[in-house]
Amino acid sequence: MMQHLITLPILLPLLAGIILLLPPCGKNLIIRRWTAMFMALLTLIASTVLLQQLLQGGPIVYAIGTWQPPFGIVLYADPLAVLLTILTSFLTLVTTIYASRGDDKKGSFYHPLTHFLLMGVNGAFLTGDLFNLFVFFEVLLIASYALLMHKTDKQTTKAALHYVVLNLVGSSIFLIALGILYGVLGTLNMADLATKVAQLQGDDIYLVKIGGLLLLIVFALKAALLPLHLWLAATYSRAMPAVAAQFAVMTKVGIYAMMRVFTMIFGDSAGELSGMATTWLWPLALVTLVVGAVGVLASEDLRRLTANLVIVSVGTLVAMVALNNEQATAVAIYYLLHSTVGCAAMFLVADLIGLQRGKVQDRLVNSRSVAEPKLLGICFVLCAIALAGLPPLSGFIAKLWLLDAAWESKVAWVFWPIYLIVSLATLVALSRAGTSLFWHDNPQQDEQFEDAVYAGKRRSFAVLLMLAVPVLMTVFAAPLTEVSQHAAATLHNTQVAVDTVFALAKGQ
């Protein structure tokens, strides 16, 4: 029975999307909102229960249609994958609550699309087959295309067009890579690939290396790794706030795919192809960090600043992936959870600030005071502390752990100065933003609040719910770091995944 639990993080969003398109949900906005929130909560609960089962009993494999691996498509759940489904389900729940204050009126299909996006992202995390990974990529991308267009103006359309074109190119490269790998190895099951890659000889090694490097290009595009990052800042800053907050996890799908493929398939047991991505990932990660920091300092509004912080987080995570050891992977998991929620919260805070500052919105210029300075000021400070890595929140724990992982890997001489300078740039940019938004106001406009949009209970609750995560990640840092270490150990123990998958094929 527990094996069927792995399907719920995918089936529940699919069911939710269908229900939300049908009467009475399709015609009644109130019913649609409550149904969307209930189904997101149900998906979050199912993912949490699944994680508890994994921590007690180990990874779970599910053969779709009872077709046994490597011939059938399988779902594979380990702690890393399920932690990320919990994260995605939580973001969907909170952004649904936030959007239900009125943003969901800007398009007829906002709620079904968010659940189809959730289905695609969760499917990408849980699949054990590369072709199925491509399928779920397409599901989440199609949903994201439509969600981007929910805010229809010239700038949004332009950003969405760039996003669509680049991802269509990425999908084409993905298919070419899969064709090469299948042609040489005769399988796309990840566990089966892990066993066959180590046995390659002759020219087949070079063909599979080409296929692997093409996958790296695709994942780098999804993750917004330099030089394939130019689409992100414009896309995220122009999207609807709730959509941008939910999109905070989208780059992590590409990073997860790097972790899974280049640890499980092209990891330490891959023979001549072992660690082939490290040569590329390490320098690109460091340059992405620097470019992201420059973008943060050059940002003219809070939304674009937050989008560039997403790029900084991508560079940090890919640097840890490039180190390719358990400690680096463990800190990457902890930092991924922290940075995703922190950036998502800042997107929502930026929207609330923009709604109360009139025509200047969230631009970092002098304007009238916000209507709710205490609420928004506290929210902004909490976000800034978390994202800048200052004590006492989880960002500080993640920063210390990152520096320790670099020290243990003997790359501190290059990572420490770059990362610390980037952290300083982030702190400077966030301090400047806070000063511009809350201190440098225009007294002559202080009483002109007639057109200000107050946060409201629902929006405030959503933001505070998001901000509770860095606090809880600090309070429960010990058990969460243990879970992160367990997830990293499971990911790096490729033989566990291979044995679990093929035990299913043998009926064990």
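Quantities reported herein were computed from a predicted structural model and do not represent experimental measurements.
Side-chain contact check for Tyr76 versus Ile6: every heavy-atom pair is 4.5 Å or farther apart. Looking only at side-chain heavy atoms (C-beta outward), Leu21 and Phe116 come within less than 4.5 Å of each other. Side-chain atoms of Tyr98 and Leu93, non-hydrogen and from C-beta on, never get closer than 4.5 Å to each other. Contact annotation: the side chain of Ser171 never approaches that of Phe137 to less than 4.5 Å [non-hydrogen atoms, C-beta and beyond]. Contact check for Ile255 versus Lys252: side-chain heavy atoms found under the 4.5 Å cut-off. Using a 4.5 Å heavy-atom threshold, the side chains of Leu113 and Leu117 count as separate. Using a 4.5 Å heavy-atom cutoff, the side chains of Phe125 and Leu84 are in contact. Between Val139 and Met119 the shortest side-chain heavy-atom distance falls below 4.5 Å.
Each of Thr85, Leu8, Ile86 was evaluated against Asn122; a single residue qualifies, Thr85, per the side-chain contact (heavy atoms from CB on, under 4.5 Å) test. A side-chain contact (heavy atoms from CB on, under 4.5 Å) with Val49 holds for exactly one of Leu44, Val82, Leu5; it is Leu5.
Using a distance-only test at 3.5 Å, with no hydrogens or angles considered, no donor-acceptor pair links the side chain of Lys222 to the main chain of Val218. Distance alone, capped at 3.5 Å, places no donor-acceptor pair between the Thr96 side chain and the Ala36 backbone. In terms of modelled atom types and a separation under 3.5 Å, the side chain of Lys399 and the main chain of Ser423 share no donor-acceptor contact. Side-chain N or O atoms of Thr127 include none that pairs as donor or acceptor with a backbone N or O of Gly123 at under 3.5 Å.
Leu281 approaches Ala322 most closely through the heavy-atom pair CB-CB, 3.8 Å. Of all heavy-atom pairs spanning Ile311 and Gly292, the tightest one is CG2-CA, 3.9 Å. When all heavy atoms of Gly315 and Leu289 are compared, the closest pair comes out as C-CG, 3.9 Å. Across all non-hydrogen atoms, the minimal contact from Leu317 to Ala332 is CD2-O, 3.2 Å. Across Leu140 and Ala124, no two heavy atoms sit closer than the pair CD2-CB, 4.5 Å. Nearest heavy atom pair, residue Val463 against residue Cys379, reads CG1-SG, 3.8 Å.
Ring pair Trp231/Tyr163 is tilted by interplanar angle, where 30° to 60° counts as tilted.
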### Task
Decide yes or no on side chain to side chain contact (heavy atoms under 4.5 Å, CB included) for Phe347 and Leu302, but give the supporting numbers first.
CA-CA 8 Å; Phe347 277 122; Leu302 188 55; over 6 Å; no

### Query
Between Phe415 and Met320, is a side chain to side chain contact (heavy atoms under 4.5 Å, CB included) present by the stated rule, with each step listed?
CA-CA 10 Å; Phe415 181 77; Met320 293 298 103; 4.0 Å; yes

### Task
Take Leu393 and Leu382 through the side chain to side chain contact (heavy atoms under 4.5 Å, CB included) test and state the conclusion after the steps.
CA-CA 8 Å; Leu393 296 184; Leu382 287 174; 4.3 Å; yes

#### Entry: side-chain hydrogen bond (donor to acceptor under 3.5 Å, both in side chains) between His492 and Thr329, intermediate numbers included
CA-CA 9 Å; His492 282 270; Thr329 302; 2.7 Å; yes

### Message
Does Met473 form a side chain to side chain contact (heavy atoms under 4.5 Å, CB included) with Leu480? I'd like the steps, not just the answer.
### Response
CA-CA 7 Å; Met473 287 185 68; Leu480 189 53; 3.7 Å; yes

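With sequence neighbours left out, Asp104 forms a salt bridge (charged side-chain N to carboxylate O under 4.0 Å, His left out) with Arg33. Take Arg32 and apply the salt bridge (charged side-chain N to carboxylate O under 4.0 Å, His left out) test, not counting sequence neighbours, and it matches no residue.
Donor-acceptor pairing under 3.5 Å is lacking for the side chains of Tyr145 and Asn167. Side-chain contact annotation: Thr306 with Tyr236, donor-acceptor N/O pair under 3.5 Å absent. No hydrogens or angles considered: nothing links the side chains of Gln361 and Asp351 as a donor-acceptor pair under 3.5 Å.
Thr95 contributes atom OG1, which lies 4.5 Å from atom CD of Gln246 (distance to the nearest 0.5 angstrom). Expressed to the nearest 0.5 Å, how far NE2 of His115 lies from CE of Met39 amounts to 7.0 Å. Ile97 CD1 to Thr92 OG1: the interatomic distance, rounded to the nearest 0.5 Å, is 11.0 Å. To the nearest 0.5 angstrom, Asn308 atom CG is 10.5 Å from Ser313 atom OG. Atom CG of Leu161 is separated from atom CG of Leu148 by 11.0 Å, given to the nearest 0.5 angstrom. Here the straight-line distance linking atom CG of Leu305 with atom CZ of Arg432 works out to 7.0 Å at 0.5 Å rounding.
Counting only residues at least two apart or in different chains, side-chain hydrogen bond (donor to acceptor under 3.5 Å, both in side chains) contacts with residues 332-344 comprise His338-Ser394.
Ion pairing between Asp78 and Arg260 holds under the 4.0 Å rule for side-chain N and carboxylate O.
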